[in-house]
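Just so it is clear: chains get the letters A, B, ... in the order the sequence lines come, proteins before strands, and each one is counted from 1. No experiment lies behind these values; they were computed from the predicted model shown.
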2 protein chains.
Amino acid sequence: MGNQKLYKGSLQTIILKLLEENDKMYGYEITQRVKELTNGELQITEGALYPALHKLEADGLLDVEVAMVDNRLRKYYKLTENGTKETVSRLAEMEEFLRTMQTIVNPKFA
Amino acid sequence: MGNQKLYKGSLQTIILKLLEENDKMYGYEITQRVKELTNGELQITEGALYPALHKLEADGLLDVEVAMVDNRLRKYYKLTENGTKETVSRLAEMEEFLRTMQTIVNPKFA
DNA sequence: CTAACATACATAAGAAAATTATGTATATAT
DNA sequence: ATATATACATAATTTTCTTATGTATGTTAG
């Protein structure tokens, strides 16, 4: 993903959040949406993205559905029931984390 | 450190920030201050802390000064000139990261 | 008085999650 | 004809942590 190591550990949560909003998305689409959302700040690399998607699928949080569009392969991912539950708790953890980090780096606004 | 992988990548920045505020601190003190600041949310482990301090020192961002207090060894760390500069840019990156993550997980409040 | 807990350092083995590089293939624009 | 975009993938390596272990002293509770 991006250049900074700070994002390490948050990729799965980002993917889950996007799928919560968009019902189904394919890998390349996710990279583009993130780039767009963050004004280019965060560039998810393929070497990080695809293994992450495969892991989420293996863990039963995502289902995959293959499609051919314009003669190109696409793998659409969507949240499973379990994935939807897990997304809620991952987002809660993320918000807790963000609050905690704010407290540390900017105690005045905590 | 804590149990969540979200903190991965942020330990160095946390250490630098505390040293910016406190002039000089020793390892154990850092773990306690962080625990205190975060109401126990973030527990920095020794296996993460000491290698991080050694790396910051090796990179020329920290100076170390050994002391004996109550018959126990303490290694006081403080920012070098370079460390002070680096802290400013690391904190800027951290705030950018926090804003970006907020944008992603909570678009309404971006 | 002794066992647990706190203080204070350290390192080594292993796991997790990325980066970087590479590979395949099609479509479009210069 | 070449570069760029779309779309997937994996392998080698690096970074950063977790977990476990080791040394040593001081304090507190049963």
Side-chain angles (χ1 to χ4, degrees), chain A residues 1-16 24-36 40-59 61-62 64-77 90 93-94 97 101, chain B residues 1-16 24-36 40-59 61-62 64-77 90 93-94 97 101:
Chain A
M1 37 202 314
N3 18 27
Q4 297 110 300
K5 56 193 169 191
L6 294 175
Y7 291 94
K8 207 168 269 237
S10 52
L11 177 56
Q12 286 195 4
T13 303
I14 291 171
I15 293 170
L16 293 173
K24 85 179 183 183
M25 297 181 84
Y26 57 100
Y28 187 77
E29 187 185 10
I30 291 174
T31 66
Q32 300 310 300
R33 180 83 91 250
V34 168
K35 197 158 131 187
E36 201 184 287
E41 232 269 301
L42 182 50
Q43 310 247 6
I44 297 177
T45 62
E46 298 150 299
L49 177 71
Y50 294 114
L53 286 172
H54 300 162
K55 178 147 204 324
L56 288 169
E57 192 196 347
D59 289 348
L61 304 184
L62 301 185
V64 68
E65 183 194 327
V66 179
M68 278 304 281
V69 178
D70 291 329
N71 203 31
R72 278 209 206 82
L73 184 71
R74 275 187 194 173
K75 290 197 172 177
Y76 281 100
Y77 289 93
R90 298 275 188 113
E93 277 170 31
M94 176 59 77
F97 162 70
M101 284 308 307
Chain B
M1 39 205 309
N3 17 29
Q4 297 111 297
K5 56 191 168 190
L6 293 175
Y7 291 94
K8 205 168 273 237
S10 51
L11 178 55
Q12 286 196 3
T13 303
I14 292 171
I15 293 170
L16 293 173
K24 85 180 184 183
M25 298 182 83
Y26 55 100
Y28 187 76
E29 187 185 11
I30 292 174
T31 66
Q32 300 309 300
R33 179 82 91 253
V34 168
K35 197 159 131 186
E36 204 183 286
E41 233 268 301
L42 181 50
Q43 310 247 4
I44 296 177
T45 61
E46 296 151 300
L49 177 71
Y50 293 114
L53 287 171
H54 300 161
K55 178 146 204 324
L56 289 169
E57 193 197 346
D59 290 347
L61 305 184
L62 302 185
V64 68
E65 183 194 327
V66 179
M68 281 303 282
V69 178
D70 292 330
N71 205 32
R72 280 209 204 81
L73 185 71
R74 276 188 192 171
K75 290 196 171 176
Y76 282 100
Y77 290 91
R90 299 275 189 113
E93 277 171 30
M94 175 61 76
F97 162 70
M101 284 308 306

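- In this structure, A:Ile30 and A:Leu53 have side chains that are in contact, with non-hydrogen atoms separated by less than 4.5 Å.
- The distance between atom NZ of B:Lys35 and atom C1' of C:dC5, rounded to the nearest whole Å, is 11 Å.
- Using a 4.0 Å heavy-atom distance criterion, B:Arg74 is classed as a sugar-phosphate-only contact.
- Residues B:Arg90 and B:Leu61 meet the side-chain proximity criterion, which asks for heavy atoms closer than 4.5 Å.
- Note: CD (B:Glu65) to C1' (C:dC9) measures 16 Å, nearest angstrom.
- Atom CD1 in A:Ile44 sits about 17 Å away from atom C1' in C:dT20, given to the nearest Å.
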Pick out the pairs of N or O atoms, protein on one side and nucleotides 9-12 of chain D on the other, that lie under 3.5 Å.
| from | atom 1 | to | atom 2 | distance (Å) |
| --- | --- | --- | --- | --- |
| D:dA9 | OP1 | A:His54 | NE2 | 3.3 |
| D:dA9 | OP1 | A:Lys75 | NZ | 2.7 |
| D:dA9 | OP2 | A:His54 | NE2 | 3.1 |
| D:dT10 | OP2 | A:His54 | ND1 | 3.4 |

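- The shortest distance between the side-chain N/O atoms of A:Asn71 and the OP1/OP2 oxygens of C:dA27 is below 4.0 Å.
- Atom pair A:Leu49:CG and C:dA18:P shows a separation of 10 Å (rounding to whole Å applied).
- Between D:dT25, C:dT20, C:dA16, one nucleotide has an atom nearer to the side chain of B:Lys8 than all others, and that is C:dA16.
- The side-chain heavy atoms of A:Ile14 and B:Met101, taken from C-beta on, include a pair separated by under 4.5 Å.
- In this structure, A:Tyr26 places its OH atom 7 Å from P of D:dC8, rounding to the nearest Å.
- Proximity of B:Tyr7 to the phosphate of D:dC17: no side-chain N or O atom is located under 4.0 Å from OP1 or OP2.
- With rounding to whole Å, A:Asp70 atom CG is found 12 Å from D:dA7 atom C1'.
- D:dC17 atom C1' lies 12 Å from atom CG of B:Leu42, rounded to whole Å.
- Taking for each of B:Leu73 and A:Lys55 the nucleotide of DNA chain C with the nearest heavy atom, the 5'-most of the two is the partner of B:Leu73.
- Under the 4.5 Å side-chain criterion, counting only non-hydrogen atoms from C-beta, B:Leu42 is not in contact with B:Lys35.
- Atoms CD (A:Glu29) and P (D:dA7) sit 9 Å apart, rounded to a whole Å.
- A:Phe97 is linked by a ring-ring contact (aromatic ring centres under 6.0 Å, His included) to B:Tyr7, counting only residues two or more places apart in sequence or in another chain.
- Side chains of B:Val66 and B:Arg74 form no contact here, defined as non-hydrogen atoms less than 4.5 Å apart.
- With contacts defined as side-chain heavy-atom distances shorter than 4.5 Å, the pair A:Glu57/A:Lys75 does not qualify.
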